[in-house]
Novice: 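Below is a structure I'd like to ask you about.
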Number of protein chains: 2
Amino acid sequence: MKPPHDSGRCRQANEVISLVGDKWSVHIVMLLGTGRKRFMEIKRAVDGISQKMLTITLRGLERDGYVTRTAYPTIPPKVEYELTDLGRELLVPLDALGSWALANHARVVAARAAYDGRGLPQAAE
Amino acid sequence: MKPPHDSGRCRQANEVISLVGDKWSVHIVMLLGTGRKRFMEIKRAVDGISQKMLTITLRGLERDGYVTRTAYPTIPPKVEYELTDLGRELLVPLDALGSWALANHARVVAARAAYDGRGLPQAAE
DNA sequence: CGGAATCCTTGACGATACTG
DNA sequence: CAGTATCGTCAAGGATTCCG
């Protein structure tokens with residue numbers, strides 16, 4: 001990890017953006033944008049994530065200050081997660097990216113088809 | 001891969017956003033926002049990326065329609081990469097996210113420090 | 001229910017060497 | 001200079017099991 005061309009700016013930005021890399025993080029932040037949720041609620045909503053990854057992802061988001069974890073010492077246990085102010089603010093540029101992605105999804109798919117189809121029509125997916 | 005809560009929207013968005021996961025892709029798109037660049041220029045600018053990853057990343061960006069590849073059949077070869085319209089448009093939400101990340105980097109770092117320091121001062125990283 | 005711990009598979013990525 | 005090919009590593013992440 002060496003700062004490339006514009007000093008440490010890229011590194012700092014990357015440090016924050018890196019969580020976008022985890023597809024789970026983005027998904028969960030978006031979901032929590034709806035309101036506070038319990039552990040299993042999130043798990044069911046995301047569907048496809050393992051408990052392990054959900055726990056790890058939530059830990060990461062909590063550590064970075066995007067979500068708060070509230071545990072009620074009841075039996076059975078009940079833990080709720082909610083976006084912090086920082087998390088809600090993150091939602092703004094994240095939504096913008098999401099909207100752009102959704103709006104331009106067709107263009108990307110078309111570009112892929114064009115790229116894949118040029119010169120090798122026999123090679124199916 | 002089953003559509004979770006809001007049908008295929010998430011999947012579609014994710015399909016596009018996934019390239020943000022590759023820290024290389026974002027970096028390169030940002031760099032090419034400056035103008036067309038040659039292969040080695042990019043490699044030198046990013047510094048830390050291997051030829052292999054650079055080639056793969058550029059291929060992916062080209063396939064998705066974000067960059068164009070122009071090869072001049074000279075000796076020695078000369079290949080230039082440039083953002084397409086789609087790529088330049090992607091730059092907008094990407095820059096927004098980058099700006100946000102940079103602006104809030106300190107808050108994230110502070111949150112991390114607070115999280116790491118609470119209750120286990122002896123446990124270094 | 002929420003989460004920790006363990007095992008194991010996969011593929012992302014780096015390093016290196018070779019080609020045109 | 002630009003690109004491909006091959007190999008080795010290493011960690012992300014899934015499945016499973018146990019605990020409070």
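Convention: sequence-line order gives letters A, B, ...; per-chain numbering from 1. No experiment lies behind these values; they were computed from the predicted model shown.
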Novice: Any donor-acceptor pair under 3.5 Å linking the side chain of R88(A) with the backbone of L83(A)?
Specialist: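 Present.
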Novice: Rounded off to whole Å, could you give me the CG-to-P distance for the L54(A) and dG2(C) pair?
Specialist: 9 Å
Novice: Hey, which of V67(B), D22(B), I42(B) is the one that makes side-chain contact (heavy atoms from CB on, under 4.5 Å) with I28(B)?
Specialist: I42(B)
Novice: How long is the line joining CH2 of W24(B) and P of dC13(C), in whole Å?
Specialist: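 To the nearest whole Å, that distance equals 9 Å.
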Novice: Tell me: CD1 of I56(A) to P of dG2(C), nearest whole Å?
Specialist: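 So the CD1-P distance, I56(A) to dG2(C), works out to 17 Å.
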Novice: Starting at CD1 of I75(B) and ending at C1' of dG20(C), how long is that distance when rounded to a whole Å?
Specialist: 7 Å
Novice: Which of these nucleotides, dG20(C), dT4(D), dG2(C), is closest to any side-chain atom of P77(B)?
Specialist: dG20(C)
Novice: Are any non-hydrogen side-chain atoms of W100(A) and L94(B) less than 4.5 angstrom apart?
Specialist: no
Novice: If you look at every heavy atom in T57(B) and S25(B), which pair is closest and at what distance?
Specialist: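 Closest approach of T57(B) to S25(B), heavy atoms only: CG2-OG, 3.4 Å.
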Novice: From NZ of K78(A) over to P of dG2(C), roughly how many Å is that when rounded to an integer?
Specialist: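 Rounded to the whole Å, the gap is 10 Å.
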Novice: Atom NZ of K23(A) and atom C1' of dA12(D): how far apart are they, to the nearest Å?
Specialist: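 The distance from NZ of K23(A) to C1' of dA12(D) comes to 10 Å, rounded to the nearest Å.
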Novice: For dC1(C), does OP1 or OP2 lie under 4.0 Å from any side-chain N or O of R38(A)?
Specialist: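 No, no such contact exists.
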Novice: For E80(B) and G48(A), take the nucleotide of DNA chain D holding the closest heavy atom to each; which residue's nucleotide lies nearer the 5' end?
Specialist: E80(B)
Novice: Please state how far atom OH in Y72(A) lies from atom P in dG20(D), giving the value in whole angstrom units.
Specialist: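 Rounded to the whole Å, the gap is 24 Å.
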Novice: Mind calculating the distance between CE (M53(A)) and C1' (dT6(C)) to the nearest angstrom?
Specialist: 16 Å
Novice: Within the 4.0 Å heavy-atom criterion, would you say Y81(A) contacts the bases, only the backbone, or no part of the nucleic acid?
Specialist: sugar-phosphate
Novice: Could you say whether P76(B) or I49(B) is positioned toward the 5' end of DNA chain C, judged by the nucleotide with the nearest heavy atom to each?
Specialist: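 Its nucleotide being nearer the 5' end, the pick is I49(B).
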Novice: Looking only at the side chain of F39(B) (C-beta and beyond, no hydrogens), which of the listed nucleotides dG2(C), dA2(D), dC13(C) gets closest?
Specialist: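 That would be dA2(D).
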Novice: Do E15(B) and V108(A) have side chains that get closer than 4.5 Å, going by heavy atoms?
Specialist: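 Counting from C-beta outward, E15(B) and V108(A) never come under 4.5 Å.
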Novice: On DNA chain C, check which nucleotide each of K52(A) and E41(A) is closest to and give me the residue with the more 5' one.
Specialist: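 The residue closer to the strand's 5' end, by nearest nucleotide, is E41(A).
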